Number of protein chains: 2
Amino acid sequence: MNAATKPRTVPRAGAAALAAELRIAVMRASRRLRAEKSDADLSDGQYSVLALLEREGPSTPREIALHERVQPPSMTRTLTALLELGLVTRTEHPDDRRQALVAVTEAGATTVRETRRRRDAWLARRLAALTPDERAVLARATEILRRIADS
Amino acid sequence: MNAATKPRTVPRAGAAALAAELRIAVMRASRRLRAEKSDADLSDGQYSVLALLEREGPSTPREIALHERVQPPSMTRTLTALLELGLVTRTEHPDDRRQALVAVTEAGATTVRETRRRRDAWLARRLAALTPDERAVLARATEILRRIADS
DNA sequence: TATTGTTATACTCTATAACTATA
DNA sequence: TATAGTTATAGAGTATAACAATA
């Protein structure tokens, strides 16, 4: 059942019909990817903050809360957990003593890279089973999806 | 910056390189989609159960819990909430009096359809702004993604 | 005895309100 | 006064353990 039997998946290419199919496929794929986590016992929110800091460098609790769309007290709790796990550090802000600067530790960066590696490995195994043509479709779709998400 | 400048998005079509790009695009898109929630005052879990019952017909609490990968006590709580909202009914199982049969009400079915419509609207607007060729790419990608997620 | 479903209880994550320290 | 961050407290969702009813 590879190429000949897919009646629902290539319907009329109308935007409304495609939206429903694409939404389901994207949500389901992301759920599967999220399930591929590293051994670190982190919640989604904790990992999201750790990955943000690893990707973009040190930040203040308020900035992180804004980016994660969470209230400051919730971020305090998340950061406290990451601190106790030794995955981030908290230091004084050089210019403003009200603020704090949070940064990943070496262990934190390792955790992020490990999780990323596992998720990529899971996906890469499945991509390797596709035809070159199918991979080309996904490569084009990747760029289009990125544009949509950033809009 | 549409066709001439995309160095990262169509790299060598190797599975490993594509995996990282696709993972980021899928996770980011799903994050945006999830942020577009409807007015319906239901949690993700409650809506998920309601949509399941609307899609597949009446079921027992245990079956629903299995499908949603949740423990039975958690499902009891979710079903109680949906019952109090008048979105589902609970009746005796015809063959086994230990079990119960849960089904959506007309109000429940309406809620599901309305929510689905609202969630798709955001994505449909963005798809409508694409070229027919780009929509065709996403239609093909949808089918491929679904296969990957189900594997 | 085994299975279905519920109740009792606790833990996690998030929220709002009130507080402290600094600008 | 305004802002950054924390503490206090509450609500929603899920989990395990113990229990009742039925097979």
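Note that the structure is predicted; figures quoted are calculated from it, not measured.
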- Message: Taking the side chain as everything from C-beta on, heavy atoms only, tell me whether B:Arg98 gets closer than 4.5 Å to B:His93.
- Response: no

- Message: Just so I know, are the side chains of A:Leu87 and A:Thr111 near enough to count as touching, which here means a heavy-atom distance under 4.5 Å?
- Response: yes

Roughly, in whole Å, what's the span from [atom1] in [X] to [atom2] in [N]?
X: A:Leu79; N: C:dC13; atom1: CG; atom2: P; value: 13 Å
X: B:His93; N: C:dT3; atom1: NE2; atom2: P; value: 16 Å
X: A:Glu92; N: D:dA4; atom1: CD; atom2: P; value: 17 Å
X: A:Asp41; N: C:dC11; atom1: CG; atom2: C1'; value: 13 Å
X: A:Ile64; N: D:dA4; atom1: CD1; atom2: P; value: 14 Å
X: B:Glu63; N: C:dG5; atom1: CD; atom2: C1'; value: 14 Å
X: B:Leu66; N: D:dA15; atom1: CG; atom2: P; value: 12 Å
X: B:Arg62; N: C:dT6; atom1: CZ; atom2: C1'; value: 11 Å

What nitrogen or oxygen pairs link the protein and nucleotides 17-22 of chain D at under 3.5 Å?
residue: D:dT22; atom: OP1; partner: B:Arg97; partner atom: NH2; Å: 3.1

- Message: Given C:dG5, D:dT14, D:dG5, identify the nucleotide with an atom nearest to the side chain of B:Arg77.
- Response: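 Nearest nucleotide to the side chain: D:dT14.
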
- Query: Taking the six-membered ring of B:Tyr47, is the NZ or CZ of B:Arg119 close enough (under 6.0 Å from the centre) and on axis enough (within 45°)?
  - Reply: yes

- Message: Is it true that, when you exclude B:Asp133 itself, more than 12 heavy atoms of the residues, nucleotides or ligands shown sit nearer than 6.0 Å to its CG?
- Response: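 Counting neighbours around CG of B:Asp133, more than 12 heavy atoms of other residues, nucleotides or ligands fall under 6.0 Å, so yes.
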
Please check the phosphate of [N] (OP1 and OP2 only) for any side-chain N or O of [X] closer than 4.0 Å.
X: B:Ser43; N: D:dA12; result: no
X: B:Thr76; N: C:dG5; result: no
X: B:Ser74; N: D:dA15; result: yes

- Message: On DNA chain D, compare the nucleotides closest to B:Asp95 and A:Met75; which residue's is nearer the 5' end?
- Response: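 In this pair, the answer is A:Met75.
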
- Message: With nearest nucleotide decided by heavy atoms, which residue, B:Gln46 or A:Thr80, maps closer to the 5′ end of DNA chain D?
- Response: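 Result: A:Thr80.
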
Can any side-chain N or O of [X] pair as donor or acceptor with the backbone N or O of [Y] at less than 3.5 Å?
X: B:Thr60; Y: B:Gln99; value: no
X: A:Arg135; Y: A:Leu127; value: yes
X: B:Arg32; Y: A:Ala149; value: yes

- Tell me what B:Pro61 touches on the nucleic acid: a base, only sugar-phosphate, or nothing, going by heavy atoms under 4.0 Å.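 B:Pro61: backbone/sugar contact only, no base atoms under 4.0 Å.
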
- Message: Over all strands shown, is A:Gln71 touching base, sugar-phosphate only, or nothing at heavy-atom distances under 4.0 angstrom?
- Response: base

